[in-house]
Amino acid sequence: MTDTRFDPSSADGRWQRAWEEAGTFTADSHSEKPKSYILEMFPYPSGRIHMGHVRNYTMGDVLARYKKMQGHEVLHPMGWDAFGMPAENAAMEKKVHPGEWTHANIEGMKKQLKGIGFALDWTREFATCDPEYYGHEQSLFLDLYEAGLVYRRSSEVNWDPVDMTVLANEQVIDGKGWRSGAEVEKRKLDQWFLKITDFADDLLDGLGELKDWPDKVRLMQENWIGKSQGLEFSFELSDGTKLPVYTTRPDTIFGASFVAVAADHPVAQSLVADPKVAAFIDECKKGGTTAAALETAEKLGYKTPITAKHPFTGTDLPVFIANFVLMDYGTGAVMGVPGHDQRDFEFATKYELPIARVVAKDVSLAQAPMGEEAEAGDGVIVNSDFLDGMNVEDAKADVIAKAETGGWGEGTTVWRLRDWGISRQRYWGTPIPIIHSPDHGPVPVPKDQLPVKLPDDIDFDTPGNPLERHPTWKHTTCPISGKPALRETDTLDTFVNSSWYFLRFASQPDDVPFDPAEIAKWMPVQHYIGGIEHAILHLLYARFWTRAMERIGKFDVKEPFAALFTQGMVTHETYELGDGSWLSPDEVRKDGADWVAIEDGAPVTAGRVVKMSKSKKNVVDPDAIIAEYGADAVRWFMLSDSPPERDLPWSQDGIEGCGRFVQRLWRLFQQLDTSATGEDPKVDRDLARKAHQAIVAVAEDIEALSFNKAVARIYELTGATEKAKPSESRNFAIRTLMSLVSPMMPHLSEEAWSQADGEGLIADADWPTHDPAMLVEDEVTIAIQHKGKLRDTITAPKGAAKEDLEALALASEKVQRSLDGAEVRKVIVVPDRLVNIVT
RNA sequence: GCGGGUGUGGCGGAAUGGUAGACGCCGGGGACUUAAAAUCCCCUGAGCUUUGCUCGUGCGGGUUCGAGUCCCGCCACCCGCACCA
């Protein structure tokens with residue numbers, strides 16, 4: 001009890017080593033305790049930990065440490081989502097091997113994470129680029145292949161002709177490759193797909209059970225899966241063929257005035273011999289794909305010589321090729337009902353096609369003229385023969401029934417969700433374990449030959465897929481015939497890596513991907529924490545993979561993540577010079593109310609608070625902050641003020657405040673006084689009560705992930721404790737605070753715990769117990785209102801009778817002045833809360 | 001266009017229909033100090049005729065003894081999806 005300041009530069013590392021040596025956070029699957037699996041989305045090893053990681057992992061860490069204190073056996077692992085393009089880009093730019101680059105980054109980032117004191121079980125660490133990991137992934141891929149959930153087909157891709165590689169949609173910017181700047185081409189390539197659409201219904205229904213997921217994420221997934229029900233039926237065309245179309249509004253079929261097909265629909269393609277058709281199809285493909293382009297895009301059509309026969313009226317409808325019809329949704333062809341679909345309305349207006357009313361608000365409005373827009377709303381069917389007078393829903397059912405009995409159509413469900421294309425023409429990913437045999441086509445690599453390892457001697461000097469170019473790697477033999485054959489040179493989408501890593505964390509035997517018994521012990525993940533940017537892809541793929549594993553009998557878990565939490569971003573003010581360039585926070589200083597550049601005093605505009613990013617230069621490096629204030633101050637900042645789902649604005653003042661609070665607690669923790677006897681019994685009891693209340697409230701707040709509220713309560717108890725004179729209650733409050741802050745400020749707490757002769761590590765200690773009797777107040781403050789307005793407050797014993805409270809209220813001088821002799825008509829008394837006098 | 005969210009002091013934000021602004025940051029004043037740092041104390045929504053009163057949770061209505069909270073109608077901003085038939 002000598003030094004008056006807490007020194008994180010000495011204490012942080014000391015306690016981190018103590019936890020490591022004791023194996024404090026190593027999860028024991030044989031433990032009899034209830035199990036908690038706490039997981040944060042594992043990072044891509046880009047090079048440095050950023051504030052977003054710190055916030056994400058601090059939240060998970062508080063939960064993990066808290067659960068441990070509550071007597072749970074906690075699994076809180078960490079690893080690396082290590083395959084991906086940045087490693088290949090680094091290889092091309094810096095001439096380093098992607099593996100070397102990745103492992104160096106992992107080393108650096110691991111050191112950073114350890115320096116923040118996270119309660120992680122490092123014995124389970126792995127990187128997805130380890131052959132031990134991706135070999136098991138190949139084995140799971142083959143299981144899915146055997147189960148018929150993997151198939152191969154030709155598919156259109158974005159092809160960068162300079163880099164000679166396939167680009168994801170996000171990598172195509174204004175039609176150009178994001179790296180090369182080359183005009184992107186559409187190419188047809190043979191690609192592998194996973195049958196995620198087989199699970200569309202399950203994935204949709206499953207959302208209903210995910211009560212502890214944010215509504216927002218569930219809705220986003222629901223929209224992404226995009227279930228739609230309607231009628232698929234065929235028009236007989238004038239050339240004798242049949243044209244299937246899909247509609248969700250079969251009730252409006254009598255309003256159809258044209259038929260339209262997509263530019264790449266077979267009917268359109270059959271007419272390309274006509275140069276005008278060919279020119280129109282080219283025109284359609286040119287159209288921009290940006291949101292703005294689509295917003296203003298004019299509906300364009302080309303009227304073909306073909307006509308389609310209306311199934312009920314027998315009328316011949318013109319068949320158009322139209323730019324607004326998508327080939328990859330439904331059948332790539334639609335019936336146009338201009339009266340009740342806005343796109344069809346615009347199209348019909350432009351090409352002067354009939355716009356008929358077949359739905360009206362009321363039967364009497366059957367002949368009402370159409371307005372300036374389509375009427376997509378509900379109503380009663382009119383001008384539609386046998387459907388007249390029905391409501392929309394009944395009419396839909398009726399038309400579907402007639403189509404089915406007539407044999408020309410059927411009710412169907414159409415999904416927006418597509419099968420998952422997993423082929424990537426890249427080096428730094430999991431090799432797809434398939435051999436292309438000249439005699440037997442694609443043949444799975446026998447499992448005893450796994451893993452199919454990536455070759456290390458790789459040439460990144462020429463563009464294209466290095467696996468394709470490698471002199472020997474792809475040459476092998478057919479597992480069936482033994483004849484020369486070629487390996488698949490595509491690798492798996494990196495989202496495959498992250499679709500099952502949580503299973504491998506729970507169980508990592510050498511011979512198989514995971515042990516079902518261990519999976520049963522730990523899964524599902526109890527709390528999964530990460531960014532909202534993964535709301536659809538990663539979270540949908542992981543759900544699919546888990547269900548696919550369940551379907552092929554690997555285990556009984558259907559949903560991988562029982563509760564999901566999406567945390568907000570860490571943001572920072574931006575600083576802009578007059579010329580539009582940005583300055584970083586350490587290049588500016590405050591000059592009175594204004595900001596100026598430190599270098600030359602140039603005026604700086606402090607701009608919007610936005611996500612930390614290199615381009616805006618508003619990034620703050622965690623390492624520098626930890627070096628200055630210690631890990632606990634940064635962790636405390638990450639939990640303070642902003643609710644965790646909202647954005648957290650970083651500020652220098654804020655971190656300084658957190659640094660001060662660490663020291664303030666340290667001073668308080670050194671004031672344990674075993675000789676203290678207390679002073680005023682009531683004052684002592686009040687402080688003890690506050691401590692007991694905090695034990696309950698902070699626990700509730702942490703369980704609700706309301707860390708900002710837990711923080712506020714700890715501040716309150718700290719303030720009250722500081723003010724109190726030495727007493728047993730005060731010692732109790734100090735010890736309580738030590739425990740309550742320990743999940744958040746573990747280093748400070750360990751240091752204080754050891755100085756206070758605490759047994760073992762505070763990380764192994766229990767959450768403090770509270771005395772329920774001590775939670776109850778014996779005095780309450782009662783608000784006195786006159787006509788709903790506050791006039792006075794009085795102190796009364798808890799549980800005082802209504803009549804007593806009413807009498808006390810009326811006795812108040814302030815109340816009497818406000819009443820000013822008016823007749824009291826009614827008095828409302830809410831026990832222990834308030835009295836409202838109505839005149 | 002469709003879907004979702006948010007709106008409370010200078011700022012981040014609290015508040016089972018019951019004392020709006022807890023807690024933190026910024027700011028102001030003071031104590032200690034030769035001085036600074038550190039620390040401690042007080043003040044800090046707006047206005048007014050200041051023992052106190054009035055107004056105040058994006059705007060306009062409503063329900064209620066009582067509304068930040070519930071209902072109806074608007075506005076603004078943010079996010080997601082987007083020619084999905």
Side-chain angles (χ1 to χ4, degrees), chain A residues 4-5 214-220 222-224 226-228 230-231 245-249 252 260 262 287 291 293-295 297-299 322-326 328-337 340-344 346-347 373 376 414-417 532-533 535-536 571 573 593 609 636-637 640-643 645-658 660-661 663-664 667 706 708-719 722 781-794 813-814 817-818 825-830 832-839:
Chain A
T4 52
R5 282 187 70 80
D215 291 345
K216 182 188 170 107
V217 175
R218 288 204 310 236
L219 262 159
M220 282 166 75
E222 192 180 318
N223 292 337
W224 187 264
K227 185 177 187 173
S228 124
L231 169 69
V245 299
Y246 171 74
T247 179
T248 54
R249 293 295 303 271
T252 64
L294 289 175
E295 186 97 12
E298 195 179 5
K299 305 281 178 284
N323 66 345
F324 68 91
V325 181
L326 305 173
D328 57 1
Y329 185 79
T331 63
V334 299
M335 67 167 187
V337 184
H340 306 285
D341 180 280
Q342 186 57 22
R343 288 156 308 177
D344 297 348
E346 288 169 32
F347 191 81
E373 282 185 344
V414 169
W415 305 87
R416 188 183 169 280
L417 184 69
I532 186 76
E533 67 273 19
I536 296 173
T571 60
E573 207 171 30
V609 178
W636 189 251
F637 185 103
S640 303
D641 296 349
S642 290
E645 67 280 8
R646 289 206 213 163
D647 289 350
L648 173 68
W650 177 266
S651 78
Q652 185 60 32
D653 289 331
I655 185 67
E656 280 171 20
C658 292
R660 277 198 298 273
F661 185 61
Q663 299 301 339
R664 195 174 142 199
R667 285 192 299 276
S706 298
N708 57 321
K709 291 194 222 166
V711 161
R713 290 190 199 282
I714 287 168
Y715 273 117
E716 280 183 80
L717 181 58
T718 303
E722 284 170 334
T781 306
I782 307 283
I784 313 295
Q785 297 181 335
H786 173 209
K787 290 197 287 191
K789 290 195 175 178
L790 184 71
R791 292 300 158 190
D792 199 2
T793 57
I794 55 170
E813 188 190 328
K814 288 177 184 170
R817 201 180 323 136
S818 176
R825 292 193 297 145
K826 194 174 173 186
V827 179
I828 286 140
V829 182
V830 182
D832 295 336
R833 278 223 163 250
L834 108 175
V835 178
N836 189 12
I837 299 159
V838 186
T839 54

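Letters A, B, ... are given to chains in the order of the sequence lines, protein chains preceding strands, and every chain is numbered from 1.
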Can you tell me how far the OG1 atom of A:Thr571 sits from the CZ atom of A:Arg646, to the nearest 0.5 Å?
12.5 Å
Any donor-acceptor N or O pair under 3.5 Å, side chains A:Thr252, A:His340:
no
Once you round it to whole Å, what is the distance between C1' of B:A22 and CG of A:Leu717?
15 Å
Just call it for A:Leu219: base, sugar-phosphate, or nothing, with non-hydrogen atoms closer than 4.0 Å on any strand.
sugar-phosphate
A:Leu790 has an atom CG; how far is it from atom P of B:G17, in whole Å?
20 Å
Looking at A:Arg218 and A:Glu222, is any side-chain nitrogen of the basic one under 4.0 Å from a carboxylate oxygen of the acidic one?
no
Give none if B:G1 has no partner; otherwise give the nucleotide forming a Watson-Crick or G-U wobble pair with it, both distances under 3.5 Å.
B:C81
In terms of base orientation, is B:G9 syn or anti, with the syn window spanning 90° either side of 0?
syn
Spacing of the C1' atoms in B:U8 and B:C59 (rounded, Å)
15 Å
Which part of the nucleic acid does A:Thr781 contact within heavy-atom distance under 4.0 Å: base, sugar-phosphate only, or nothing?
base
Distance-only donor-acceptor test (3.5 Å): side chain A:Asp653, base B:C25:
no
A:Thr793 side chain: which of B:A85, B:C79, B:U19 is closest?
B:U19
Looking at every strand, decide which applies to A:Arg667 at a 4.0 Å heavy-atom threshold: base, sugar-phosphate, or nothing.
sugar-phosphate
Under-4.0 Å side-chain N/O to phosphate OP1/OP2 contact, A:Arg5 with B:U39
no
Quick one: label A:Lys789 by what it contacts on the DNA or RNA (base, sugar-phosphate, nothing), any heavy atom closer than 4.0 Å.
sugar-phosphate
Give a yes/no on whether any side-chain N or O of A:Arg791 is located under 4.0 angstrom from OP1 or OP2 of B:C53.
yes
Expressed as a whole number of angstroms, how long is the span from A:Leu834:CG to B:A67:P?
12 Å
Both distances below 3.5 Å, Watson-Crick or wobble geometry, any strand: find the nucleotide opposite B:A31.
B:U39
Can you pull every protein N or O that's under 3.5 Å from an N or O on nucleotides 6-16 of chain B?
unit_1: B:G12; atom_1: O2'; unit_2: A:Ser642; atom_2: OG; d: 2.8
unit_1: B:G12; atom_1: N2; unit_2: A:Asp641; atom_2: OD1; d: 3.0
unit_1: B:A14; atom_1: OP1; unit_2: A:Asn708; atom_2: ND2; d: 3.4
unit_1: B:A15; atom_1: OP1; unit_2: A:Lys709; atom_2: NZ; d: 2.8

Same-atom distance (C1') from B:A82 to B:U64, integer angstrom:
43 Å
Of A:Asn223 and A:Tyr246, the one whose closest RNA chain B nucleotide lies more 5':
A:Asn223
From CZ of A:Phe637 across to C1' of B:G24 the rounded distance in Å is 10 Å
Using the side-chain heavy atoms of A:Ser228, tell me which of these nucleotides is nearest: B:G52, B:C83, B:A85.
B:A85
What residues, two or more places apart in sequence or in another chain, satisfy side chain to side chain donor-acceptor pair (under 3.5 Å) together with A:Thr248?
none
Write down the partner of B:G60 under the Watson-Crick or G-U wobble criteria, each distance required to be under 3.5 Å.
B:C72
B:C71 versus B:G17 - spacing of their P atoms, nearest Å:
12 Å
Residue pair A:Ile714 / A:Phe661, side-chain heavy-atom distance below 4.5 Å:
yes
Would you indicate what A:Val827 reaches in the nucleic acid, counting non-hydrogen atoms under 4.0 angstrom: base, sugar-phosphate, or nothing?
nothing
Regarding A:Gln785, tell me which of base, sugar-phosphate or nothing describes its non-hydrogen contacts under 4.0 Å with the strands shown.
base
Checking side chain to side chain contact (heavy atoms under 4.5 Å, CB included) for the pair A:Val835/A:Val829: CA distance, chi angles, key distance, verdict?
CA-CA 4 Å; A:Val835 178; A:Val829 182; 4.3 Å; yes
Starting the side chain at C-beta, find the nucleotide from B:U39, B:C40, B:G52 nearest to A:Arg817.
B:G52
Would you say A:Val334 and A:Arg343 make side-chain contact, with heavy atoms under 4.5 Å?
no
Whole-Å distance, A:Glu813 CD to B:U51 P, equals 13 Å
Quick one: look up who B:A22 pairs with, Watson-Crick or G-U, both distances under 3.5 Å, and put none if it's unpaired.
none
